[in-house]
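See below for the structure under consideration.
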Amino acid sequence: SISMGRQSHPFTNNIGGKTSIFNGYGSSADFNYASRSSNSLGFSLGEGSAVSIDGLAILNGSAGQSDSFDEYEATVSTDVSGIDVSLGYADDRVNSVSYYGVASSATVSDKLTLGSSYTIKDSASSDLTGWEATASYDILSVGYGDKEDTGNYTTVGLAKEVADGLTLYGEAELIDNNTGTDQEKWSLGAKYSF
C-alpha cells in the first residue's frame, strides 16, 4: 500500500511502539525523528505476512534539500517464535542525524506481556543510546527507560475496562533528569474506543 499526506512514522510505531503500553505516559526513552509528519510518502509491503516492510519519506524541501527527501526511514518486522521483532533505520538528511533501532514484544500468557526497545541517535557531535523495558500483567503496567544525556523514566499504571470499549486508568511517571531537576507526573483518565 502507498499513502501520502500527514501520517505517523513507522520507525516510531514499530520500534517505540513495542513499549508504548500506557495511556498517557511511557515510551519516553527512545530516540526517533518524529511521531507524525506532513508532506510524507509512505509504503507498506507484506502486511499480514511473515515479514513486513514499512517506509516513509518526507518531501518538505527544507534547508537546501528541495530536490530530494528531507528524511526517510524504513522498518522490517517479523515474528520469531511468538516474539514480535522490528529493526529500523531513519535518516534526517537536513540535520545529518541517523537513527537505528531494534525492539520486541511478546505475549507470554493471557495476562502477561513484555516489551523492549533499544535506539541509537548518531550525529556528527555524539552518539546517544536509549532503551526501555515494559511489562504488563492484568491491570498493572510498569516500565523503565534510560535516555542517554537526558534522564531515566519510571512509569507505573493501572487500567481496567469497565464497559465495552470504556477504560479507566491511573498513571504515574517519575523522571530523573540529568539536569538535576526531577519531575513527577500523575494522571487519571477515561478512554472510550469505538
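The first residue in the sequence is number 1, and the count goes up from there.
Remark: side-chain polar atoms of Ser141 are not paired, donor with acceptor, to backbone N or O of Phe22 under 3.5 angstrom. With hydrogens and angles disregarded, a donor-acceptor distance shorter than 3.5 Å links the side chain of Thr119 to the backbone of Phe31. Using modelled atom types, no side-chain atom of Thr113 and backbone atom of Thr107 make a donor-acceptor pair closer than 3.5 Å. Judged by distance alone, the side chain of Asn13 and the main-chain N or O of Gly17 form no donor-acceptor pair under 3.5 Å. In terms of modelled atom types and a separation under 3.5 Å, the side chain of Glu148 and the main chain of Thr129 share a donor-acceptor contact. For the pair Ser44 (side chain) and Glu47 (backbone), a donor-acceptor distance under 3.5 Å is absent. With hydrogens and angles ignored, the 3.5 Å screen pairs no side-chain donor or acceptor of Tyr25 with any backbone N or O of Leu174. Checking side-chain atoms of Asn177 against main-chain N and O of Gly180 turns up no donor-acceptor pair under 3.5 Å. No donor-acceptor pair closer than 3.5 Å links the side chain of Glu173 to the backbone N or O of Tyr153. When atom types are taken as modelled, the side chain of Arg6 and the backbone of Asn39 share no donor-acceptor pair closer than 3.5 angstrom.
Residues Leu59 and Ile2 fall within the same hydrophobic cluster, defined by Ile, Leu, Val, Met, Phe, Trp and Tyr side chains chained together at heavy-atom separations under 4.5 Å. Put simply, Phe194 and Tyr169 are part of two different groups of oily side chains (I, L, V, M, F, W, Y) that touch within less than 4.5 Å, one to the next. Val80 and Leu114 fall into different hydrophobic clusters, where Ile, Leu, Val, Met, Phe, Trp and Tyr residues are linked whenever their side-chain heavy atoms come under 4.5 Å apart, directly or through other members.
Between Asp92 and Tyr99, the shortest heavy-atom distance links the atoms CB-CE1, 4.4 Å. The two atoms that bring Tyr72 and Arg93 nearest to each other are CE2-CD, 3.6 Å, heavy atoms only. Taking each heavy atom of Gly5 and Ser40 in turn, the nearest pair found is O-OG, 2.6 Å. When all heavy atoms of Thr12 and Ala34 are compared, the closest pair comes out as OG1-O, 2.6 Å. The shortest heavy-atom contact between Ala135 and Ile21 is O-CD1, 3.9 Å. When all heavy atoms are compared, the tightest approach of Gly115 to Thr19 is C-CG2, 3.7 Å.
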**OP:** Dump the intermediate steps for side-chain contact (heavy atoms from CB on, under 4.5 Å) on Val94 and Glu71, then the final yes or no.
**Re:** CA-CA 7 Å; Val94 174; Glu71 189 266 354; over 6 Å; no
Subject >> Glu132/Ser117 under side chain to side chain donor-acceptor pair (under 3.5 Å): CA gap, chis, key distance, verdict >> reply: CA-CA 5 Å; Glu132 191 161 20; Ser117 67; 4.7 Å; no
**OP:** Determine, stepwise, if the pair Thr155 / Val142 fulfils side-chain contact (heavy atoms from CB on, under 4.5 Å).
**Re:** CA-CA 6 Å; Thr155 312; Val142 295; over 6 Å; no
**OP:** Apply the test side-chain contact (heavy atoms from CB on, under 4.5 Å) to residues Lys121 and Val97: give CA-CA distance (whole Å), side-chain angles for both, the deciding distance (0.1 Å), then the verdict.
**Re:** CA-CA 7 Å; Lys121 179 182 179 183; Val97 178; 3.7 Å; yes
Subject >> side-chain contact (heavy atoms from CB on, under 4.5 Å) evaluation trace for Val102 with Ile15 >> reply: CA-CA 6 Å; Val102 60; Ile15 304 299; 5.7 Å; no
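Distance check, rounded to the nearest 0.5 Å: OG of Ser77 to CG of Asp54 gives 6.0 Å. Going from atom CG of Leu112 over to atom OG of Ser136 covers 8.0 Å, rounded to the nearest 0.5 Å. For the atom pair CG (Asn23) and CG (Leu188), the distance works out to 11.5 Å, reported to the nearest 0.5 Å. Put simply, OG on Ser20 and CG on Asp30 are 9.0 Å apart, with the number rounded to the nearest 0.5 Å. Asp149 contributes atom CG, which lies 10.5 Å from atom NZ of Lys147 (distance to the nearest 0.5 angstrom). To the nearest 0.5 angstrom, Thr167 atom OG1 is 11.5 Å from Ile139 atom CD1.
For the residue pair Lys18/Ser86, the side-chain donor-acceptor check at 3.5 Å is satisfied.
Contact annotation: the side chain of Val85 never approaches that of Asp79 to less than 4.5 Å [non-hydrogen atoms, C-beta and beyond]. Between Ile175 and Lys185 there is a side-chain heavy-atom pair separated by less than 4.5 Å. In this structure, Asn152 and Asn178 have side chains that are not in contact, with every pair of non-hydrogen atoms separated by 4.5 Å or more. Side chains of Glu73 and Pro10 form a contact here, defined as non-hydrogen atoms less than 4.5 Å apart.
Partners of Ser35 under the side chain to side chain donor-acceptor pair (under 3.5 Å) rule, at least two apart in sequence or in another chain, do not exist in this structure.
Checked against the 6.0 Å centroid criterion, the rings of Tyr100 and Tyr89 qualify as a close aromatic pair. Within the 6.0 Å centre-distance limit, the rings of Tyr144 and Trp131 are counted as a close aromatic pair.
Only one option out of Thr75, Asn14, Ile58 pairs with His9 in a side-chain contact (heavy atoms from CB on, under 4.5 Å); it is Ile58.
Counting heavy atoms of neighbouring residues, nucleotides and ligands inside a 6.0 Å radius, atom CZ of Phe43 exceeds 12 of them.
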